[in-house]
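Taking it in order: structure first as structure tokens, then the write-up.
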2 protein chains.
Amino acid sequence: MTTPTRDHVLAAAVRLYAEHGFRGTTTRRIAEEAGVNEVTLFRQFGSKTALLLEALRSHEMFSRGANALPDAPVDPLAELTAFATGMRKALHGTRATIRKAMAEFEENPEMPRCMTHGAAAIHAAVQSYFEKLGALGYISDTKSIPAAKAMLMSAIFHDALHRDIDPHSFPQPAAGAPAIYARLCLQSLGFQPVAARRPRTAKRRVS
Amino acid sequence: MTTPTRDHVLAAAVRLYAEHGFRGTTTRRIAEEAGVNEVTLFRQFGSKTALLLEALRSHEMFSRGANALPDAPVDPLAELTAFATGMRKALHGTRATIRKAMAEFEENPEMPRCMTHGAAAIHAAVQSYFEKLGALGYISDTKSIPAAKAMLMSAIFHDALHRDIDPHSFPQPAAGAPAIYARLCLQSLGFQPVAARRPRTAKRRVS
DNA sequence: AGCAGATGCAAGTGGGTACTTGCATATAAC
DNA sequence: GTTATATGCAAGTACCCACTTGCATCTGCT
């Protein structure tokens with residue numbers, strides 16, 4: 001199997017997994033979806049479980065780079081909103097896969113772990129960004145940074161993962177939710193749009 | 001089948017569902033777990049799907065009354081913390097069931113709906129409580145109530161549902177997280193422990 | 001062209017599953 | 001005790017599934 005075909009199989013597997021879950025993704029289905037013979041899957045991957053684990057590992061859960069936070073904060077609300085918007089979009093696009101993998105925790109604990117890979121780096125990036133906000137005087141409650149970061153990520157994750165199941169529990173419209181989460185997160189940290197250390201032209205108050 | 005036995009079957013079904021998911025919960029397993037004959041399940045419930053749906057519907061996802069918010073706020077931080085603590089505990093205790101049901105969204109959409117039943121009432125109760133806080137002058141940003149409420153619920157839900165999968169993404173220790181979420185939520189609403197309308201003995205500042 | 005390796009085809013193995021059927025036994029009500 | 005109903009037992013039906021096997025064909029390289 002050439003690499004393009006191998007990738008083709010892995011992509012087919014993830015698509016089916018998102019729709020049908022682990023047990024519902026049969027090797028016959030994968031073979032048909034990928035346009036290969038069923039026996040080829042076993043020759044190449046050894047077992048259905050190994051195939052699906054490799055497929056999940058190769059599937060990018062967290063889009064990197066798309067909406068990284070800047071090294072130097074310039075407009076915190078806009079920057080955090082852009083970050084939250086990108087995060088939510090990425091997670092939303094792969095929500096069915098995530099739900100299926102999380103549900104496998106008891107019987108195939110490697111699967112949810114594929115979903116959380118990369119989360120630590122993003123948490124660290126947000127932490128770092130908030131610390132810079134603190135250093136620049138944008139926020140007053142720096143002790144709450146870890147907690148506010150966790151709450152922001154939870155809001156984004158929960159919104160991306162479950163809004164289609166329970167739409168009324170989330171701020172409407174969906175496209176405006178990231179901005180709301182970003183704003184409230186900054187508010188909870190005692191945000192002030194004027195960097196205390198660097199007097200600037202007066203800006204309209206946030207509230 | 002007497003009602004106690006019927007309940008016994010439903011409880012066995014939910015236990016197995018939490019562990020093995022929909023497909024992995026076989027009728028043979030349910031029969032064994034409940035101590036009845038497999039054919040009895042079909043006589044009483046008609047099909048495996050109907051049995052499991054009834055089991056999920058009868059399973060209380062949101063414990064009512066355990067930690068209801070008071071009609072008249074007295075100590076908002078303590079009250080919201082108690083609420084968050086109770087909510088998180090209830091959801092945490094049934095997290096595996098919720099995960100399994102959410103993962104069935106594509107193929108058995110009735111199942112996640114069993115999980116969200118009752119959520120609206122809780123959201124309304126929190127909304128009402130926050131509005132009272134606003135009326136009493138405890139919070140200054142009443143326009144953000146719906147958003148803050150949603151963020152608080154997301155934090156609790158996400159913590160309860162996924163902490164065992166990805167412990168490092170949540171505030172430590174777990175027992176202290178509800179208080180943190182409650183505090184940050186109130187902070188984001190511009191909370192002041194002294195009710196502006198009712199001067200009281202000065203209290204220590206929150207931050 | 002020849003050769004080695006990869007892939008396809010078709011059939012099969014050895015399990016598993018939701019559900020049904022016919023008869024026997026148990027239980028509850030009168 | 002009798003009768004009606006519920007449940008258990010055992011076997012069966014008609015599928016489903018991951019995986020294997022033997023042979024044929026295809027592909028890429030020399």
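Below, read A as the first sequence line, B as the second, and so on, with proteins coming before strands; counting in each chain starts at 1. All values below come from the heavy atoms of this structure, side chains included, with hydrogens, waters and symmetry mates left out.
A straight line from CZ of A/R28 to C1' of C/dC9 spans 13 Å, rounded to a whole angstrom. To the nearest angstrom, P of D/dG8 lies 10 Å from CD of B/Q44. To the nearest angstrom, P of D/dC17 lies 15 Å from CG of A/L41. The separation between A/I30 atom CD1 and D/dC16 atom C1' is 16 Å, rounded to whole Å. B/R6 places its CZ atom 14 Å from the C1' atom of D/dA6, with the value rounded to the nearest Å. Rounded to an integer number of Å, the gap from CZ of B/F45 to P of D/dA6 is 14 Å. As rounded to whole Å, 12 Å separates atom C1' of D/dC19 from atom NZ of A/K48.
The side chain of B/E38 lies closest to C/dC19 when the candidates are C/dC19, D/dC19, C/dT20. Comparing atom distances between the A/T26 side chain and each of C/dC9, D/dG8, D/dC17 picks out D/dC17 as nearest. For B/T27, the side-chain atoms get nearest to C/dA18 when compared with the rest of D/dT20, C/dG22, C/dA18. For B/V36, counting side-chain heavy atoms from C-beta on, the closest listed nucleotide (D/dG8, C/dC9, C/dC19) is D/dG8. In this structure, of C/dG22, D/dC19, D/dT21, it is C/dG22 that holds the atom nearest to the side chain of B/R43. Considering only the side chain of B/F42, C/dT20 comes nearest among C/dG8, C/dT20, D/dG8.
A salt bridge is absent between B/R57 and B/E54: the closest approach of a Lys/Arg side-chain nitrogen to an acidic carboxylate oxygen does not fall below 4.0 angstrom.
Between atom CG of residue B/L41 and atom NZ of residue B/K48 there is a gap of 11.5 Å, rounded to the nearest 0.5 Å.
Paired with A/R99 under the rule side chain to side chain contact (heavy atoms under 4.5 Å, CB included), one option of B/R99, B/E104, B/E106 passes, and it is B/E106.
The residue among A/R29 and B/V39 whose nearest nucleotide of DNA chain D lies closer to the 5′ end is B/V39. Each of B/N37 and A/R23 has a nearest nucleotide on DNA chain D; the 5'-most of these lies closest to B/N37.
Ring geometry, B/Y138 versus B/F191: the interplanar angle falls under 30°, so the pair is classed parallel (tilted spans 30 to 60°).
A/T25 comes within contact range of the sugar-phosphate backbone alone, with a heavy-atom separation under 4.0 Å but no base atom that close.
A side-chain N or O of B/Y181 and one of B/D159 form a donor-acceptor pair less than 3.5 Å apart.
Neither OP1 nor OP2 of C/dA6 sits under 4.0 Å from any side-chain N or O of A/T40.
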